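As a basis for the values below, the full set of heavy atoms in this structure was taken, side chains included, without hydrogen atoms, waters or symmetry mates. These numbers were taken from a predicted model, which means no experiment stands behind them. Below, chains carry the letters A, B, ... as their sequence lines are ordered, and counting in each starts from 1.
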Amino acid sequence: MKQLKVDAINNGTVIDHIPSGKALAVADILNLSGSNEVMIGINLNSKKVGKKDLIKIENRELSQEEVNSIALIAPSVTLTIIKDFEVIRKAKAEIPESIEGLILCPNPKCITNSEKIKTKFKVTDEKPLQVRCHYCEKKYKIDEVKIRI
Amino acid sequence: MKNLISMRDLSKEEILYFMEIAEKIEKGDLNPNMDKKLAALLFFEPSTRTHFSFATAMKKIGGQTITMRGTSSSSVKKGETFADTLQTIAQYAEIIIMRSPTEGAARYASEVVDVPVVNAGDGANQHPTQALLDLYSIIKTQGTLENLTIGVAGDLKFGRTVHSLVQAMSDFNPKFKFISPSFLKMPAYIKDDLNEKNIEFEELSEIDEKINELDILYVTRIQKERFADPEDYEKVKGSYILEKSMLKDVKKNFKVMHPLPRVGEISTDVDNTEFAYYFPQAKNGVYMRQAIIAILLGGVK
Ligand SMILES: [Zn+2]
């Protein structure tokens with residue numbers, strides 16, 4: 001596959017350095033099935049990291065909160081916000097202190113699985129990333145939980 | 001403080017404040033008057049002892065109680081959401097005391113209603129009033145919560161009470177001896193927490209192994225149903241039964257605690273020794289619950 005060019009975008013956001021194979025999951029978290037034009041590159045060659053994924057979204061500027069939600073599965077991503085072919089902002093994903101509505105609690109006895117409640121998790125450790133459910137207080141590694149899509 | 005949901009929410013100072021108020025109530029130095037106040041006891045899972053203890057506590061400070069029993073799904077059957085059930089009850093009562101098999105139910109309740117909520121046990125998660133009454137029993141018998149050596153015996157894997165106790169004591173520089181069959185050991189996440197806080201612990205398989213080093217021995221029930229093979233239960237149960245003959249050389253301040261009910265893990269010949277403390281412990285539960293309710297209702301100035 002030929003290298004996609006970042007400058008090919010007019011207005012929007014480029015999400016770069018997504019770990020190879022995670023682009024579709026990132027697209028799910030960001031709910032990219034709307035009407036914006038989206039280009040997804042998978043297994044692109046990168047001088048820095050070997051293989052990477054990349055997403056370009058036309059005409060949508062991601063909020064820092066949205067960016068941070070990506071950090072749960074792809075902490076290494078970098079964001080470039082482009083307006084009229086010019087880079088107006090670069091951002092890095094930061095792991096948020098608390099995560100609302102994004103994670104499903106794996107504990108079957110947790111109230112969030114029997115009542116319609118927005119889930120709430122606190123980040124307790126960063127390496128490896130671990131979160132604690134605000135309701136049942138169980139602690140999970142990030143790869144033990146389901147990210148809500 | 002508005003609610004009592006989890007020991008995780010309490011600072012060391014707040015824990016000690018509960019101890020202080022319970023002591024004042026016990027000594028008669030403080031007489032909260034909860035006249036005209038009503039506590040709604042919502043028990044979505046049977047627990048006669050805990051219910052009885054709360055009802056006694058509320059009545060002893062002059063308040064009244066109403067009780068709603070059932071499963072958490074019983075109102076759902078009628079099509080009412082849990083949130084609506086709670087909001088309705090909050091119109092009648094000044095405080096809600098709730099027991100539920102659903103983990104996080106009390107936390108959720110506290111976010112739905114304006115009146116104070118006390119967690120009287122939510123599944124395998126928290127039982128903070130039990131933890132506080134255990135701490136009150138420890139401070140009463142030892143004069144302090146600091147630097148104690150505490151043995152915890154029985155089902156350490158599933159025992160919510162022992163998890164809360166270990167967690168609650170962690171602020172007070174304890175040493176722990178965990179005594180259990182190999183497949184009912186303390187879960188890794190609790191041991192990880194202890195390691196992080198540099199708290200010393202050791203795992204043993206006989207109840208009297210290091211009994212002479214202990215200030216407190218907290219015994220809990222081992223349920224036969226936990227064993228896949230009933231014969232295994234018969235084989236190991238003897239290792240976790242405390243008998244009077246084991247108490248010959250224990251420390252003078254040594255006390256045996258148990259959340260009750262017991263089913264044979266403390267032999268009855270221990271009862272009339274100076275070391276038995278499980279019945280006074282139950283009584284301490286009433287003082288502690290009086291203190292909790294009075295504090296949350298603003299009756300302690
Ligand atoms: Zn949960």
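In this structure, the separation between OH on B/Y108 and OG1 on A/T112 is 11.0 Å, given to the nearest 0.5 Å. Taking CG of B/N125 as the start and NZ of A/K138 as the end, the distance is 5.0 Å to the nearest 0.5 Å. B/E111 CD to A/H134 NE2: the interatomic distance, rounded to the nearest 0.5 Å, is 3.5 Å. For the atom pair A/C110 SG and B/R107 CZ, the distance stands at 11.5 Å (nearest 0.5 Å). In this structure, CG in B/D193 is found 5.5 Å from NZ in A/K139, a value given to the nearest 0.5 Å.
In this structure the side chain of B/R8 reaches within 4.5 angstrom of the side chain of A/R132, judged on heavy atoms.
Surrounding CD of A/E37 are at most 12 heavy atoms belonging to other residues, nucleotides or ligands under 6.0 Å away. For B/K191, the NZ atom is densely surrounded, since the number of other residues' heavy atoms within 6.0 Å is greater than 12. Around the NZ atom of A/K51, the shell of radius 6.0 Å holds more than 12 heavy atoms that belong to other residues, nucleotides or ligands. Annotation for A/D143: atom CG counts as buried by contact number, over 12 foreign heavy atoms lying within 6.0 Å. Annotation: B/K2, atom NZ; neighbour count of heavy atoms from other residues, nucleotides and ligands within 6.0 Å is above 12. At most 12 heavy atoms of other shown residues, nucleotides or ligands fall within 6.0 angstrom of atom NZ in A/K127. When the shell of 6.0 Å around OH of B/Y92 is examined, it contains 12 or fewer heavy atoms from other residues, nucleotides or ligands.
Inspection of the B/Y189 and A/Q130 side chains reveals no N or O donor paired with an N or O acceptor under 3.5 Å. Side-chain polar atoms of B/T81 and A/E115 form no donor-acceptor pair below 3.5 angstrom.
Across A/I111 and B/T102, no two heavy atoms sit closer than the pair CA-CG2, 3.5 Å. Smallest separation of non-hydrogen atoms from A/N107 and B/E103: ND2-OE1, 2.7 Å.
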